[in-house]
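So the structure is just underneath, and the comments pick up after that.
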Amino acid sequence: MKPIRITNTHQSITFSRRMLVLGGAQAAVGGLLIGRLGWLAIAENEKYQLLSESNRVQLIPVPPRRGWIIDRYGKPIAINKASFRVDLIPQQLDKSHDVVPEVARLLDLESDDVDRIRRDLAQSRGFQPVSVADNVPYEQYAAITVRLPDLPGVAASQGFTRFYPGGSTVGQLVGYVGAASAVEYEKENKNPLLLVPGVKIGKEGLEKTLEPVLRGQPGGQRVEVTARGKIVKELDPKPDISGGTVQLTIDSDLHQYAARRIGDQSAAVVVIDVTTGDILAMPSMPSFDPNNFSDGISQAEWKMLSQDDHVPLVDKALESLYPSGSTIKPSMALALLNAGIDRKQIVVCNGAFQLGNHTFHCDKRHGPLDMDGAVVHSCDVYFYTMCLRVGAEKLSPMVRSMGFGEKFDLPFETQRYGTIPDPDWMMRKYHRKWQGYDTVNMSIGQGMVLINPLQLAVMASRLATGKRVVPRLLKSKPVVPQTQLAVDQDHLDFIRKAMWGVVDHGTAAAAKFPIPEIQMAGKTGTAQTHNLSAGERGDYTAANWKLRDHSLFMAFLPFDNPRYACGTIVEHGGFGAAVAAPLVRDTLTFLYDKQKAMDALNTFEQSIGGPLEDRIVRKTAAWRQANGLPPLPPTKQA
C-alpha cells in the first residue's frame with residue numbers, strides 16, 4: 001500500500017473543518033448564554049428584582065395592638081399599657097460570655113425564672129428571641145439599656161403588654177394571653193408574627209375564643225440594610241391595624257363586687273338581667289391573676305395554683321358540676337301541679353321517709369304541710385312522697401325546661417352542662433331500669449342530678465318571667481326572643497309566691513333584702529357530697545372541708561316585677577341559708593344601693609382578714625415559706 005501524501009491543501013481543508021466545528025460549538029454555547037441571559041433579564045426580571053430588593057430591604061414586623069375587652073358601659077376589662085421588656089437573641093450571644101447571671105441580677109429574677117430562660121435558650125431556634133422579662137420597671141429597664149454594649153445578645157425594647165384592671169376577679173372570665181408555643185406556631189402555618197418578641201396570643205377564656213377579633217393585622221417597618229445587616233435608613237412603614245374592641249354584657253363593677261364578696265370561699269356567682277338574658281356578673285373564685293400569666297408565670301406560682309384545693313384554675317360557673325339540692329324544688333312543684341297534684345293536699349313529715357329497707361331523712365320534723373309550706377320550709381319528705389306518685393317521666397321535662405342540663409351558646413371552649421336523669425337516660429347510661437329511690441333522690445336535687453351555677457341563675461330567670469330566658473355575654477349577639485314556657489300562669493304565680501315566702505318567713509328569712517320597698521324571692525339549697533352520719537346531720541362544719549355540704553341559693557327581684565336573677569353555689573359552704581343566701585343578697589343590693597352594699601362588703605372583708613389583694617399577698621407568702629422559697633420582691637407582691 002502506497003503511503004498517503006499530505007499536502008498543504010489537505011491540511012488547509014482539515015483545519016477549516018475543525019474551525020467550522022469549533023466555531024459552531026462556540027456559537028451554540030454563545031447562543032445558549034445569550035438566550036439564558038435574555039431569559040433571566042426579561043422573563044425572570046421580576047423574580048430577581050424581588051430577591052435583590054429583599055437583600056437590600058428588610059421588613060421588620062410591627063405587631064398590632066390587641067383589641068380591648070370592655071363592659072356594658074365601656075369600662076375596660078382587658079386593655080394594653082406601655083411596657084418595657086428584655087429578650088435574648090440566641091444568634092447574637094457570645095458563648096465565652098454568659099450574660100444570664102448579670103441580667104438576672106439587674107432584673108432581680110427568681111431562680112426558677114433563670115432556669116426557665118436557660119431551658120428556653122436550649123430549645124430555641126437561633127432566630128427566635130427568648131423572653132427574659134415582660135413589664136419591666138423603668139429603673140431596671142434603664143439599668144439594662146446603659147449596659148447593652150457589655151451584654152451581647154441582650155435586647156431591650158418598648159412595647160405594649162396586656163393589662164387587666166380587675167386582676168384575679170376577672171381571671172376566669174377573660175382568660176389570659178401568652179407567647180405562642182411551637183404547636184401553635186405550626187398550627188398557624190409558621191406565622192412569622194408569632195416569633196416577634198412581645199407578641200402574645202389568647203391562651204384561655206375569651207382571650208382565646210375571640211382571638212380572630214382581638215389580634216388585628218400586623219404592620220411593618222421597611223429598612224435598607226448593608227450586606228452585613230446593618231441598618232442604613234428607614235423606608236416607608238406599613239401601619240398595623242389594631243384588633244377590634246369586644247363589648248360584653250358584664251357590669252364590671254358588679255362583677256368585681258361579687259368576686260370580692262365571695263371572700264375566701266370556693267364559689268361562683270351569676271347575675272342575669274331577666275328582660276334580655278344579659279349576664280351582668282359571672283365571677284368564679286378563687287381565681288388566678290391574668291396579669292401574672294401575661295407577664296410570664298413562674299413555676300412556683302403555677303405549682304401554688306395547681307395544688308390549691310379550692311381549684312383556682314377552674315371556672316366554676318361553667319366547668320364545675322354540683323347536685324342542685326333543694327333549689328330544684330320550685331321546678332319540681334311546677335311539675336307536680338302540671339301532673340294534677342292538688343297544692344292543698346297535706347303530707348305529714350316525721351323527719352324521715354321509708355322506702356324499702358332504706359330510710360331517707362329530712363332536715364327536721366315539719367309536721368303536716370301542703371305544697372306552699374313544703375317549698376317555703378324546704379321539706380324533703382313532702383317531695384319524696386309526691387314525686388313518687390307522679391313518676392320521673394313527668395318530672396324531668398319540666399326541670400329541663402327551666403334550664404337544668406342545658407348547654408348555652410357562649411364564647412367559651414369548655415362548658416359542662418350536667419345531667420337531669422330520667423328512665424331512658426338511666427337505661428342508655430347504666431343499662432338498668434329506673435328505681436323508686438332514683439325518683440326520691442332526684443326529687444330533692446341529689447343522686448345523679450348535676451348542674452352548674454349558670455344554669456341555677458337561668459332557672460331563677462325563667463321562674464321569674466315564665467319565659468325561656470337565654471343567657472347572652474357578647475353585646476354584638478342579638479337578644480334571643482323569649483318564648484313562653486309551657487307552664488300554667490296560675491301555677492307559676494303560686495310558685496313565685498312560695499319563693500317569696502322562702503325569703504320572707506322561710507329558710508332564707510335571715511337574708512331578707514335590706515331595701516324595704518324591694519322584695520326578693522328565692523330558694524335555698526344544701527347539697528350533700530357524701531352520706532352523713534346521724535351525728536353529722538345538721539352540723540355543717542363537723543366534717544373536713546371537702547366533705548361538707550355545698551351551699552346554694554337562687555333568687556330574683558323585685559318580686560312583683562322581676563328584673564334581675566342570681567344564682568350561686570359555694571363549694572362545701574354548708575347550709576344554703578347561712579352562706580349562699582347572704583352572698584346573693586349583698587350582690588343584688590349593689591344594683592340598687594351601692595353604698596349600702598359596699599358597707600356590707602367592708603364589714604365582711606374585715607371579718608376575714610382585709611381586702612382581697614392583702615389576703616392574696618399573705619396567702620402567697622405563707623405558701624412560699626411553707627415550701628422553702630424566699631419571699632417575693634416587693635415589686636412582685638402587688
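No hydrogens, no waters, no symmetry mates; every other heavy atom, side chains included, goes into these values.
With Thr529 contributing its side chain and Leu547 its backbone, the two residues share a donor-acceptor pair below 3.5 Å. Between the side chain of Arg72 and the main chain of Thr249, a donor-acceptor pair closer than 3.5 Å is present. Side chain of Asn452 to main chain of Leu454: a donor-acceptor pair is present (N/O by atom type, distance under 3.5 Å, no hydrogens or angles). Between the side chain of Lys81 and the main chain of Asn135, no donor-acceptor pair closer than 3.5 Å is present. Not a single donor-acceptor pair under 3.5 Å links the side chain of Asn189 to the backbone N or O of Asn191. In this structure, the side chain of Arg118 does not engage the main chain of Val114 through any donor-acceptor pair within 3.5 Å. No donor-acceptor distance shorter than 3.5 angstrom exists from the side chain of Asp120 to the backbone of Val130, with no hydrogens or angles considered. Judged by distance alone, with hydrogens and angles left aside, the side-chain atoms of Asn627 form no donor-acceptor pair with the main-chain N or O of Leu629 at under 3.5 Å. The backbone N or O of Ser111 lies less than 3.5 Å from no partner atom in the side chain of Arg116, so there is not a single donor-acceptor pair. Between the side chain of Gln158 and the backbone N or O of Phe84, no donor-acceptor pair lies under 3.5 Å.
By the 4.5 Å heavy-atom criterion applied to side chains, Val269 and Ile262 are counted as neighbours. Side-chain contact between Arg416 and Leu318: absent, with no pair of heavy atoms (C-beta onward) separated by less than 4.5 Å. Cys566 is not listed as a side-chain neighbour of Val270, based on a closest heavy-atom distance of 4.5 Å or more. Side-chain atoms of Ser320 and Val314, non-hydrogen and from C-beta on, do get closer than 4.5 Å to each other. Put simply, the side chain of Ser266 reaches to within 4.5 Å of the side chain of Lys316, judged on heavy atoms. Two residues are said to be in side-chain contact when any heavy atoms from C-beta on lie closer than 4.5 Å; Met459 and Val399 meet this criterion. In this structure, the side chains of Pro453 and Ile569 come closer than 4.5 Å at one or more pairs of heavy atoms. With contacts defined as side-chain heavy-atom distances shorter than 4.5 Å, the pair Leu193/Pro63 qualifies.
Between Trp302 atom CH2 and Gln307 atom CD the span is 11.5 Å, to the nearest 0.5 Å. Taken from CZ in Phe288 to OG in Ser306, the straight-line distance is 13.0 Å, to the nearest 0.5 Å. Gln415 contributes atom CD, which lies 9.5 Å from atom CD of Glu319 (distance to the nearest 0.5 angstrom). Distance check, rounded to the nearest 0.5 Å: CD of Gln265 to CD1 of Ile608 gives 8.5 Å. Between atom CE of residue Met402 and atom CE of residue Met554 there is a gap of 9.5 Å, rounded to the nearest 0.5 Å. Rounded to the nearest 0.5 Å, atoms OG1 (Thr414) and CG (Leu410) are 12.5 Å apart.
One finds a salt bridge joining Arg624 and Glu110 here, because a Lys/Arg side-chain nitrogen approaches an Asp/Glu carboxylate oxygen to under 4.0 Å. The pair Arg472-Asp409 does not count as a salt bridge, with every side-chain nitrogen at least 4.0 angstrom from each carboxylate oxygen. A salt bridge is absent between Asp251 and Lys75; no separation between the charged side-chain nitrogens and carboxylate oxygens falls under 4.0 Å. Between Lys208 and Glu413, at least one side-chain nitrogen of the basic residue sits less than 4.0 Å from a carboxylate oxygen of the acidic one, meeting the salt-bridge criterion.
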Practice prompt. Starting from the C-alpha separation in whole Å, work towards a yes-or-no answer on side chain to side chain contact (heavy atoms under 4.5 Å, CB included) for Leu280 and Ile250.
Written response: CA-CA 4 Å; Leu280 303 181; Ile250 294 290; over 6 Å; no

Item to complete: Starting from the C-alpha separation in whole Å, work towards a yes-or-no answer on side chain to side chain donor-acceptor pair (under 3.5 Å) for Tyr164 and Glu207.
Response: CA-CA 12 Å; Tyr164 306 89; Glu207 291 280 23; 2.7 Å; yes

Worksheet item: Is there a side chain to side chain contact (heavy atoms under 4.5 Å, CB included) between Asp134 and Lys200 once you walk through the steps?
Response: CA-CA 11 Å; Asp134 288 335; Lys200 304 291 179 66; 2.6 Å; yes

Practice prompt. Under the salt bridge (charged side-chain N to carboxylate O under 4.0 Å, His left out) rule, what do Glu184 and Lys203 come out as? Steps first, then yes or no, please.
Written response: CA-CA 10 Å; Glu184 290 164 333; Lys203 294 283 191 174; 2.7 Å; yes

Worksheet entry | Test log, rule salt bridge (charged side-chain N to carboxylate O under 4.0 Å, His left out), inputs Glu613 and Arg618 | CA-CA 9 Å; Glu613 296 78 9; Arg618 290 199 301 271; over 6 Å; no

Discussion item. For Leu552 and Val570: C-alpha separation, side-chain torsions, deciding distance, then whether side chain to side chain contact (heavy atoms under 4.5 Å, CB included) applies.
Written reply: CA-CA 6 Å; Leu552 301 89; Val570 181; over 6 Å; no

Discussion item. One pair to check against side chain to side chain contact (heavy atoms under 4.5 Å, CB included): Ile70 and Ile79. What are the steps and the verdict?
Written reply: CA-CA 8 Å; Ile70 60 176; Ile79 58 176; 5.8 Å; no

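Looking at Glu301 and Asn292, their side chains do bring a donor and an acceptor atom within 3.5 Å of each other. Side-chain atoms of Arg162 and Asn80 form a donor-acceptor pair, as typed in the model, at a separation below 3.5 Å. Under the 3.5 Å distance criterion, with hydrogens and angles disregarded, no donor-acceptor pair is assigned to the side chains of Ser284 and Gln172. Neither side chain, Ser168 nor Asp289, offers a donor N or O lying under 3.5 Å from an acceptor on the other.
The shortest non-hydrogen separation linking Ala457 to Gly567 is CB-N, 3.7 Å. For the pair Gly277 and Val469, the tightest heavy-atom approach, listed with the atom from each and the gap, is CA-CG1, 3.7 Å. Nearest heavy atom pair, residue Phe160 against residue Ala82, reads CD2-N, 3.8 Å. Taking all atoms of both residues into account, the shortest heavy-atom contact from Pro421 to Val449 is CD-CG2, 3.9 Å. Across all non-hydrogen atoms, the minimal contact from Trp623 to Ala300 is CH2-O, 3.4 Å. When all heavy atoms of Ile77 and Ser252 are compared, the pair lying nearest together is CG1-CB, 4.3 Å.
Taking the six-membered ring where the residue is Trp, His572 and His550 present tilted rings, their angle falling between 30° and 60°. Taking the six-membered ring where tryptophan is involved, the planes of Tyr176 and Phe293 are tilted, since the angle between them lies from 30° to 60°.
Of the listed residues (Leu248, Val170, Val246), just one forms a side chain to side chain contact (heavy atoms under 4.5 Å, CB included) with Leu206, and that residue is Leu248. Under the side-chain hydrogen bond (donor to acceptor under 3.5 Å, both in side chains) rule, Glu406 has a single partner from Arg400, Gln455, Arg468, which is Arg468.
The distance between the ring centers of Phe408 and Tyr417 does not fall below 6.0 angstrom.
Counting non-hydrogen atoms of neighbouring residues, nucleotides and ligands closer than 6.0 angstrom, the NZ atom of Lys619 reaches no more than 12 such neighbours.
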